[in-house]
Amino acid sequence: MSYDDVEIEDMEWNEELGAFTYPCPCGDLFQITKEELKLGEEIARCPSCSLYITVIYNMDDFNDSNNTNNKGGLQPPISVA
(Lines give C-alpha, C1' and ligand atoms only; values in the text may rest on other atoms or scores of the structure.)
Protein backbone atom coordinates (compact mmCIF):
# COMPACT_ATOMS: atom_id res chain seq x y z
CA MET A 1 0.00 0.00 0.00
CA SER A 2 1.22 3.42 -0.99
CA TYR A 3 2.26 5.90 1.73
CA ASP A 4 0.28 8.67 -0.01
CA ASP A 5 -1.24 9.80 -3.31
CA VAL A 6 0.50 12.93 -4.63
CA GLU A 7 -0.37 15.03 -7.67
CA ILE A 8 2.50 15.66 -10.08
CA GLU A 9 1.86 19.41 -9.66
CA ASP A 10 2.80 19.08 -5.98
CA MET A 11 6.17 17.52 -6.83
CA GLU A 12 9.31 19.46 -7.75
CA TRP A 13 11.55 18.89 -10.75
CA ASN A 14 15.13 18.22 -9.60
CA GLU A 15 17.52 18.92 -12.46
CA GLU A 16 20.46 17.30 -10.65
CA LEU A 17 18.58 14.02 -10.13
CA GLY A 18 16.70 14.24 -13.42
CA ALA A 19 13.50 13.36 -11.58
CA PHE A 20 10.38 14.72 -9.99
CA THR A 21 10.78 14.63 -6.22
CA TYR A 22 8.62 14.86 -3.11
CA PRO A 23 9.78 14.92 0.55
CA CYS A 24 9.78 11.55 2.32
CA PRO A 25 9.21 11.36 6.09
CA CYS A 26 12.63 9.68 6.44
CA GLY A 27 14.30 12.91 5.27
CA ASP A 28 15.17 11.79 1.73
CA LEU A 29 13.07 12.31 -1.42
CA PHE A 30 10.61 10.16 -3.33
CA GLN A 31 11.77 10.15 -6.98
CA ILE A 32 10.27 9.38 -10.39
CA THR A 33 11.76 10.22 -13.80
CA LYS A 34 10.02 11.56 -16.90
CA GLU A 35 10.95 8.33 -18.68
CA GLU A 36 9.16 6.29 -16.01
CA LEU A 37 6.09 8.52 -16.32
CA LYS A 38 6.12 8.12 -20.13
CA LEU A 39 6.05 4.34 -19.62
CA GLY A 40 2.98 4.65 -17.39
CA GLU A 41 4.79 4.16 -14.08
CA GLU A 42 2.96 5.85 -11.21
CA ILE A 43 5.07 4.77 -8.23
CA ALA A 44 7.74 7.14 -6.88
CA ARG A 45 10.13 5.37 -4.52
CA CYS A 46 12.38 6.65 -1.77
CA PRO A 47 15.95 5.40 -2.22
CA SER A 48 16.59 5.47 1.56
CA CYS A 49 13.61 3.57 2.95
CA SER A 50 10.83 1.22 1.90
CA LEU A 51 8.14 3.89 1.44
CA TYR A 52 6.65 4.80 -1.91
CA ILE A 53 3.91 7.13 -3.16
CA THR A 54 1.42 6.94 -5.99
CA VAL A 55 1.85 9.84 -8.43
CA ILE A 56 -1.35 11.20 -9.94
CA TYR A 57 -0.76 12.66 -13.39
CA ASN A 58 -2.14 12.84 -16.92
CA MET A 59 -0.11 10.43 -19.02
CA ASP A 60 -0.84 12.53 -22.14
CA ASP A 61 1.36 15.27 -20.64
CA PHE A 62 4.34 12.90 -20.96
CA ASN A 63 3.43 11.23 -24.25
CA ASP A 64 6.25 11.28 -26.82
CA SER A 65 3.82 12.19 -29.60
CA ASN A 66 3.27 15.60 -28.01
CA ASN A 67 5.46 18.45 -29.22
CA THR A 68 8.12 18.90 -26.53
CA ASN A 69 8.38 22.62 -27.35
CA ASN A 70 4.66 22.99 -26.80
CA LYS A 71 4.07 24.14 -23.22
CA GLY A 72 0.82 23.53 -21.40
CA GLY A 73 -0.52 21.12 -24.01
CA LEU A 74 -1.81 23.98 -26.20
CA GLN A 75 -1.84 23.58 -29.95
CA PRO A 76 0.47 25.93 -31.87
CA PRO A 77 -1.24 28.72 -33.82
CA ILE A 78 -2.24 27.94 -37.41
CA SER A 79 -1.46 30.47 -40.12
CA VAL A 80 -4.42 31.42 -42.27
CA ALA A 81 -3.74 32.86 -45.71
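- Within 6.0 Å of atom CD in E9, more than 12 heavy atoms from other residues, nucleotides or ligands are found, so the atom counts as buried in its surroundings.
- Judged by distance alone, with hydrogens and angles left aside, the side-chain atoms of Y52 form a donor-acceptor pair with the main-chain N or O of M1 at under 3.5 Å.
- A heavy-atom distance below 4.5 Å is found between the side chains of Y3 and P25.
- Taking the side chain as every heavy atom from C-beta outward, D61 and I8 never approach each other to under 4.5 Å.
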| request: Any chance you could lay out the side-chain contact (heavy atoms from CB on, under 4.5 Å) test for I32 and E41, step after step, and finish with the verdict? | output: CA-CA 8 Å; I32 191 166; E41 180 62 59; 4.0 Å; yes

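- Proximity of C24 to L29: side-chain heavy atoms (C-beta onward) are nowhere separated by under 4.5 Å.
- Atoms CG and CD1, on D10 and I56 in that order, are 9.0 Å from each other to the nearest 0.5 Å.
- Among all heavy-atom pairs drawn from M11 and A44, the shortest one is CE-CB, 4.4 Å.
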| Taking it one step at a time, do F30 and L51 satisfy side-chain contact (heavy atoms from CB on, under 4.5 Å)? | CA-CA 8 Å; F30 294 107; L51 293 178; 3.8 Å; yes

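- Taking the side chain as every heavy atom from C-beta outward, P47 and D28 approach each other to under 4.5 Å.
- A 4.5 Å side-chain heavy-atom check between L17 and Q31 finds at least one atom pair inside the cut-off.
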| said: With side-chain contact (heavy atoms from CB on, under 4.5 Å) as the criterion, how do K34 and W13 come out once you've worked through the C-alpha distance, each side chain's angles and the decisive distance to 0.1 Å? | reply: CA-CA 10 Å; K34 287 181 182 178; W13 175 251; 3.8 Å; yes

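- Taking 4.5 Å as the limit, every side-chain heavy atom of I43 sits out of range of all side-chain heavy atoms of I53.
- Interatomic distance, T54 OG1 to D5 CG, rounded to the nearest 0.5 Å: 5.0 Å.
- Taking every heavy atom of both residues into account, M59 and K38 meet most closely at CE-O, 3.2 Å.
- A donor-acceptor pair is defined here as one N or O able to donate and one able to accept, closer than 3.5 Å; no such pair exists between the side chain of D4 and the backbone of V6.
- The line from CZ of F20 to OH of Y57 is 10.5 Å long, rounded to the nearest 0.5 Å.
- A heavy-atom distance below 4.5 Å is not found between the side chains of L39 and E36.
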